[in-house]
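In listed order, ligands and their atoms are each counted from 1.
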Amino acid sequence: MSHKVTLWPQNIEFIVANGQTVLDAALNQDVAFPHRCKVGACASCLCRITRGQVSYDLEPMLTENEKQQGWMFSCLAHTESDLVITFGEE
Ligand code: FES
C-alpha cells in the first residue's frame, strides 16, 4: 500500500510505494531531499515525523528519546501510514 508524505512547511507532497524507503520515493519524484550514504550512516537524511508511523527493516541508531521526538532516518524508513515530516527543529 502506498502512502502520502507531506514535507512541512514547504508543503511538498510525494508518494511512497510499498517497499520503497521515504528517501528513494522522494528522489524518484524529484524532491530535493538531503542525503549522502543512503544506508543509515551519515544522518544527512534525518528529519522529524510530526504525524504518522514508519517501520524499519534494520533499526537505525536512534535513542528512545530521539524516537519519541519523531526523528527518522529517511533512507531506511518505510511508511506505515501517511506522514507529515519536517527538517525544522520544532
Ligand atoms: S542518507 Fe545517510 S543516513 Fe540516510
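- Partner of L83 under the side-chain contact (heavy atoms from CB on, under 4.5 Å) criterion, out of V16, V22, T6, T50: V22 alone.
- The atoms of ligand 1 that sit less than 4.0 Å from any heavy atom of F73 are 3 (S).
- Of all atoms in ligand 1, listed by their number and element, those nearer than 4.0 Å to a heavy atom of G40 are 3 (S).
- Among all non-hydrogen protein atoms, the one lying nearest atom 1 (S) of ligand 1 is K38 N, 3.2 Å.
- Atom 3 (S) of ligand 1 has as its closest protein heavy atom A43 N, 3.1 Å.
- The distance from ligand 1 to the heavy atoms of A41 drops below 4.0 Å at these ligand atoms: 3 (S).
- The line from CD of E64 to NZ of K67 is 4.5 Å long, rounded to the nearest 0.5 Å.
- Distances below 4.0 Å separate heavy atoms of C42 from the following atoms of ligand 1: 1 (S), 2 (Fe), 3 (S).
- Of the possible polar contacts, one joining the Q29 side chain to the I15 backbone as a donor-acceptor pair under 3.5 Å is found.
- Put simply, the angle at atom 4 (Fe) of ligand 1 from SG in C45 to SG in C75 is close to 100°, to the nearest 10°.
- With ligand atoms numbered from 1 in the order given, ligand 1 contributes 1 (S), 2 (Fe), 3 (S) to contacts under 4.0 Å with heavy atoms of C37.
- Note on F33 and W8: separate hydrophobic clusters, where clusters join Ile, Leu, Val, Met, Phe, Trp and Tyr whose side-chain heavy atoms are under 4.5 Å apart, directly or indirectly.
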